Chemist: 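Next up is a structure, given as structure tokens.
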2 protein chains.
Amino acid sequence: MGFLFYIIYICLMNPLIQHIQKFISLSESEAKIVLSYFEQENFKKKQLLLEEGQISNKQYFILKGCIRFYINNSKGVEQTMQFGIENWWITDYLSFQYQTASHFNIQAIENIEVLSIDRKSFDELLDQVPKLERYFRLVIQKSFGASQVRIRYLFTMSAEERFHHMNNMFPEFIQRVPQYMIASYLDFSPEFMSKIRAGKV
Amino acid sequence: MGFLFYIIYICLMNPLIQHIQKFISLSESEAKIVLSYFEQENFKKKQLLLEEGQISNKQYFILKGCIRFYINNSKGVEQTMQFGIENWWITDYLSFQYQTASHFNIQAIENIEVLSIDRKSFDELLDQVPKLERYFRLVIQKSFGASQVRIRYLFTMSAEERFHHMNNMFPEFIQRVPQYMIASYLDFSPEFMSKIRAGKV
DNA sequence: TAAAAAACTTGAAGTACTTCAAGAAATGAA
DNA sequence: TTCATTTCTTGAAGTACTTCAAGTTTTTTA
């Protein structure tokens with residue numbers, strides 16, 4: 001009985017289960033089923049979780065660490081499309097859903113721990129715990145909203161404003177990630193970022 | 001009996017039901033329930049479906065016509081974030097979900113017909129037909145994918161390339177919408193668009 | 001702890017766009 | 001069918017960035 005409580009305890013303490021519980025409620029037995037579909041994976045700094053041209057066969061929930069979603073632009077320069085940290089889901093949803101080649105790369109910026117689920121298991125999980133449809137709808141909805149806000153910033157702010165805005169909103173993040181990645185995320189050159197920071201613009 | 005068949009027929013012929021059927025299957029009776037939650041609304045060209053500062057209380061499915069999702073930038077210029085045509089869903093999902101003030105405007109570019117559903121009805125509908133959770137998840141997932149692709153284009157292509165790309169992909173659309181809206185969607189000035197079209201860049 | 005690699009800085013020169021202003025063309029309204 | 005409004009065009013001048021190249025600092029590796 002003590003052992004069982006322990007199992008339940010570790011299930012409910014799991015970051016993924018806690019995240020799900022923010023959106024929908026899950027019983028202990030459902031939590032256990034959910035977790036049984038996931039596998040923990042670790043990646044080293046700079047390792048790729050997905051490479052351009054591959055089919056994104058897995059969806060990841062970040063337990064620990066920071067990753068980025070990037071492309072190689074026409075000049076061969078890496079351009080960061082999105083960052084992900086603890087409690088974020090990350091995948092190329094189009095490639096994952098339609099099993100088509102991805103245009104994006106996903107890379108660990110730090111040593112990371114993620115929970116992963118492949119496409120087939122994901123479908124099975126949703127059939128077995130249909131409640132999760134709502135959870136994933138809400139998660140994607142938030143990501144989509146964030147993506148729209150991002151486009152709004154790109155459209156309405158100058159390079160310098162975008163930098164200061166990000167600096168105010170996520171100061172710890174600016175410390176955590178190389179500057180050139182932030183620069184490309186904000187859509188300007190690393191040199192220009194250097195000048196902004198030095199107040200030389 | 002003939003009358004009943006007729007009802008079923010008009011339900012299944014409805015563009016929304018047909019759209020839903022592309023993602024999940026729906027019985028005739030479910031189709032009827034779904035439609036009972038929606039209301040048809042018509043808007044005239046230039047009318048606003050949502051105005052910045054308001055809470056987006058409705059979600060729209062476009063039956064006919066073309067709309068745009070735009071912001072007023074810091075210089076008071078309207079900047080198009082997104083277009084919507086037949087069979088697209090449109091709303092500010094963040095404002096709709098969390099009932100917060102929207103930063104966006106939604107406007108009819110042509111005289112339009114939409115199906116609308118308010119937030120409360122939407123929740124009820126999902127409770128009554130839980131299958132739809134998956135439908136909406138997939139719809140939003142596609143929108144999110146499109147949004148990511150859009151950012152990719154903004155990052156990797158020059159103004160001229162973005163124009164030619166859009167011109168190749170959606171030639172009929174370029175005809176349908178004023179040039180200055182396309183220019184702002186592609187993130188350059190209407191004057192520059194004019195020069196691109198004239199081959200004067 | 002040294003050497004190598006990665007990340008950041010600086011200034012000078014260049015460019016892809018924007019802004020402005022004025023006119024022409026197309027569309028809509030009476 | 002005309003007048004008013006909206007949309008599109010053009011050239012000249014300006015600017016917010018980029019690119020390049022070289023040096024400095026920081027981090028990683030052995």
Side-chain angles (χ1 to χ4, degrees), chain A residues 43-48 65-66 68 70 72-80 83 107-112 153-167 173-201, chain B residues 43-48 65-66 68 70 72-80 83 107-112 153-167 173-201:
Chain A
F43 293 89
K44 299 231 156 171
K45 189 172 175 171
K46 300 202 178 168
Q47 233 184 314
L48 288 172
C66 184
R68 66 170 176 150
Y70 74 92
N72 292 297
N73 76 14
S74 49
K75 287 164 196 147
V77 176
E78 292 172 358
Q79 209 139 2
T80 301
F83 292 108
Q107 187 190 42
I109 301 180
E110 306 165 345
N111 294 340
I112 61 169
Y153 291 153
L154 287 173
F155 273 17
T156 57
M157 295 182 184
S158 69
E160 203 181 348
E161 287 168 337
R162 294 198 297 276
F163 170 73
H164 289 310
H165 181 263
M166 183 155 188
N167 210 10
F173 197 77
I174 302 274
Q175 304 308 318
R176 192 166 170 181
V177 171
Q179 274 184 43
Y180 72 92
M181 289 184 191
I182 309 259
S184 79
Y185 178 74
L186 295 174
D187 200 21
F188 47 73
S189 67
E191 292 93 340
F192 196 66
M193 172 123 174
S194 215
K195 283 160 196 175
I196 292 173
R197 283 168 46 101
K200 295 188 180 170
V201 295
Chain B
F43 292 88
K44 298 232 159 172
K45 188 171 173 171
K46 299 201 176 167
Q47 237 184 312
L48 288 173
C66 184
R68 66 172 177 148
Y70 74 92
N72 292 298
N73 75 12
S74 50
K75 289 166 194 146
V77 176
E78 293 172 356
Q79 210 140 1
T80 301
F83 291 107
Q107 186 190 43
I109 302 180
E110 306 166 345
N111 294 339
I112 61 169
Y153 291 154
L154 287 173
F155 274 17
T156 57
M157 295 183 185
S158 69
E160 203 181 347
E161 286 168 336
R162 294 198 297 277
F163 170 73
H164 289 309
H165 182 263
M166 183 156 188
N167 210 10
F173 197 75
I174 303 273
Q175 304 307 318
R176 193 168 170 179
V177 171
Q179 274 183 42
Y180 71 91
M181 290 187 191
I182 309 260
S184 80
Y185 177 74
L186 296 174
D187 200 23
F188 47 74
S189 67
E191 292 92 338
F192 195 66
M193 171 120 175
S194 218
K195 283 161 196 172
I196 293 173
R197 285 169 44 101
K200 294 188 180 169
V201 295

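Please read all numbers here as calculations on a predicted model, not as lab measurements. Proteins get letters first, then strands, A, B, ... in listed order; numbering begins at 1 in each.
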Chemist: Mind running side chain to side chain contact (heavy atoms under 4.5 Å, CB included) on Tyr185(B) and Met166(B) for me, showing each step along the way?
Modeler: CA-CA 10 Å; Tyr185(B) 177 74; Met166(B) 183 156 188; 4.0 Å; yes
Chemist: Figure out the CG/P separation between Leu154(B) and dC17(D), and round it to whole Å.
Modeler: 15 Å
Chemist: State which residues pass ring-ring contact (aromatic ring centres under 6.0 Å, His included) with Phe163(B); sequence neighbours excluded, sorted by chain then number.
Modeler: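 By the ring-ring contact (aromatic ring centres under 6.0 Å, His included) rule, Phe163(B) matches no residue at all.
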Chemist: Taking protein heavy atoms under 4.0 Å as touching, what does nucleotides 25-30 of chain D look like 5' to 3' if B marks base contact, S marks sugar-phosphate-only contact and - marks none?
Modeler: ---S--
Chemist: How many whole angstroms separate atom CE of Met193(B) from atom P of dT7(D)?
Modeler: 14 Å
Chemist: Shortest non-hydrogen contact from Cys66(B) to Val177(B)?
Modeler: SG-CG2, 4.0 Å
Chemist: Taking it one step at a time, do Glu110(A) and Arg176(A) satisfy side chain to side chain contact (heavy atoms under 4.5 Å, CB included)?
Modeler: CA-CA 9 Å; Glu110(A) 306 165 345; Arg176(A) 192 166 170 181; 2.8 Å; yes
Chemist: Would you tabulate the pairs of protein nitrogen or oxygen atoms and nucleotide nitrogen or oxygen atoms of nucleotides 11-16 of chain D closer than 3.5 angstrom?
Modeler:
| residue | atom | partner | partner atom | Å |
| --- | --- | --- | --- | --- |
| dG11(D) | N7 | Lys195(B) | NZ | 3.1 |
| dG11(D) | O6 | Lys195(B) | NZ | 3.4 |
| dA12(D) | N6 | Lys195(B) | NZ | 3.3 |

Chemist: Can any side-chain N or O of Ser184(A) pair as donor or acceptor with the backbone N or O of Thr80(A) at less than 3.5 Å?
Modeler: yes
Chemist: Would you name the heavy atoms of Thr156(B) and Glu161(B) that are closest together and state the gap between them?
Modeler: O-OE1, 4.1 Å
Chemist: With rounding to the nearest 0.5 Å, note down the distance linking CZ in Phe192(A) to CD in Glu160(A).
Modeler: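 That separation rounds to 7.0 Å.
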Chemist: For the side chain of Phe188(B), counting heavy atoms from C-beta on, which of dC17(C), dT18(D), dT6(D) is nearest?
Modeler: dC17(C)
Chemist: Between Lys45(B) and Ile109(B), which heavy-atom pair has the shortest distance, and what is it?
Modeler: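 Minimum heavy-atom contact is CG-O, 3.1 Å.
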Chemist: Kindly say whether Lys46(B) contributes a backbone atom to a donor-acceptor pair with the side chain of Gln107(B) at under 3.5 angstrom?
Modeler: yes
Chemist: Report the distance from atom CZ of Phe155(B) to atom P of dT18(D), rounded to the nearest whole Å.
Modeler: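 Interatomic distance, CZ of Phe155(B) to P of dT18(D): 11 Å.
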Chemist: Is the shortest heavy-atom distance from the side chain of Val77(B) to the side chain of Phe155(A) under 4.5 Å?
Modeler: no
Chemist: If you define the side chain from C-beta out and look only at heavy atoms, does anything of Tyr153(B) sit under 4.5 Å from Asp187(B)?
Modeler: no
Chemist: Arg68(A) and Phe83(A): which non-hydrogen atoms are nearest, and at how many Å?
Modeler: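 The pair with the smallest heavy-atom distance is CB-CD2, 4.0 Å.
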Chemist: Would you list the protein and nucleotides 24-26 of chain C atom pairs, both N or O, that sit under 3.5 Å from each other?
Modeler:
none

Chemist: Rounded to whole angstrom units, what separation is found between the CG atom of Leu186(B) and the C1' atom of dC17(C)?
Modeler: 14 Å
Chemist: Which of residues 176-184 of chain A sit near DNA chain C, with a heavy atom under 4.0 Å from it?
Modeler: Pro178(A), Gln179(A), Tyr180(A)
Chemist: Who pairs with Asn72(B) by side chain to side chain contact (heavy atoms under 4.5 Å, CB included), at least two apart in sequence or on another chain?
Modeler: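 Testing Asn72(B) for side chain to side chain contact (heavy atoms under 4.5 Å, CB included), a comparison that skips the adjacent residues, returns Glu52(B), Tyr70(B), Glu78(B), Asn105(B).
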Chemist: Which whole-number value in Å describes the distance from Ile174(B) CD1 to dT7(D) P?
Modeler: 16 Å
Chemist: Tell me: CD1 of Ile109(A) to C1' of dA6(C), nearest whole Å?
Modeler: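 Rounded to the whole Å, the gap is 15 Å.
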